[in-house]
Amino acid sequence: MIFGQYIKEFPVFGKMQYRGSWSGQIYLDAFDCTIDVAVSANKKEGVQPEQSQAMAGFLSNIAEIKKLATQPMLDLYVEGAFEIDFAHFDVWQDLHPVQIEVTNDQYDAQTGKISLLLIFNSQLEADFCPAIEVIDGAFVQVLSGT
């Protein structure tokens with residue numbers, strides 16, 4: 001522990017630091033980038049095994065999740081009336097992943113499932129930050145971020 005910091009190693013996540021939530025960085029091969037990750041867990045108990053399992057499922061399916069999210073992401077651009085030449089537009093060239101938020105089992109009290117939200121920034125529209133929701137390593141939906 002460094003003065004004023006609490007650092008710990010967790011399965012799948014690697015080294016993380018506690019700052020109100022556990023934070024660190026993780027590499028996403030489908031996007032060829034390292035991004036921030038924030039895990040909703042208390043300081044004492046740290047990242048729970050269920051959260052590590054949810055992240056492992058997400059990472060093992062990231063290419064398929066990206067594929068399944070492509071059309072719903074494009075639909076958000078259409079709904080937002082962005083002035084884009086869709087014949088030559090690659091949604092993944094505009095959107096850049098910036099953070100993964102990992103919930104705890106209280107996020108969905110009925111099921112107790114862990115959700116992961118992969119949040120993006122758009123180069124075309126600064127106020128547009130959509131997210132992909134994943135549960136149990138499977139694509140659930142795309143959330144509008146406007």
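Not measured: the values here are computed from a predicted model.
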Output the distance between atom [atom1] ([X]) and atom [atom2] ([Y]), rounded to the nearest 0.5 Å.
X    : Y    : atom1 : atom2 : answer
I132 : L116 : CD1   : CG    : 11.0 Å
D36  : I100 : CG    : CD1   : 9.5 Å
Y18  : I7   : OH    : CD1   : 14.5 Å
S115 : N104 : OG    : CG    : 10.0 Å
D94  : F128 : CG    : CZ    : 8.0 Å
S122 : M73  : OG    : CE    : 10.0 Å

Please report the closest heavy-atom contact between [X] and [Y], naming both atoms and the distance.
X    : Y    : result
V142 : P72  : CG2-CB, 3.6 Å
S40  : Q51  : O-NE2, 2.8 Å
A38  : S21  : CB-OG, 4.1 Å
N42  : W22  : O-NE1, 3.1 Å
I119 : E101 : CD1-OE2, 3.5 Å
Q141 : E133 : NE2-OE1, 2.6 Å

Measuring only between side-chain heavy atoms, which start at C-beta, is [X] closer than 4.5 Å to [Y]?
X    : Y   : answer
V47  : M55 : no
L118 : L28 : yes
L59  : Y27 : no
V98  : I35 : no

If only atom types and distance count, is the side chain of E64 paired as donor or acceptor with the main-chain N or O of F139 below 3.5 Å?
no
Is K66 reaching over with its side chain to a backbone N or O of A30, donor-acceptor style, under 3.5 angstrom?
yes
Scan side-chain atoms only and decide if T34 and Q25 contain a donor-acceptor pair under the 3.5 Å cut-off.
no
Count the heavy atoms of every other residue, nucleotide or ligand shown that sit under 6.0 Å from CD of Q48, and state whether that count exceeds 12.
yes
Go through the steps to decide whether T70 and L74 satisfy the test side chain to side chain contact (heavy atoms under 4.5 Å, CB included), and finish with yes or no.
CA-CA 6 Å; T70 299; L74 285 169; 4.2 Å; yes
Among residues at least two apart in sequence or on other chains, which ones pass ring-ring contact (aromatic ring centres under 6.0 Å, His included) with F31?
W92, F120
What residues form a ring-ring contact (aromatic ring centres under 6.0 Å, His included) with F58, not counting sequence neighbours?
none
Working note: F89 + F82, criterion ring-ring contact (aromatic ring centres under 6.0 Å, His included); need CA distance, chi angles, decisive distance, verdict.
CA-CA 11 Å; F89 181 69; F82 292 99; 8.5 Å; no
Set of residues satisfying salt bridge (Lys or Arg N to Asp or Glu O under 4.0 Å) with respect to D75, sequence neighbours excluded:
none
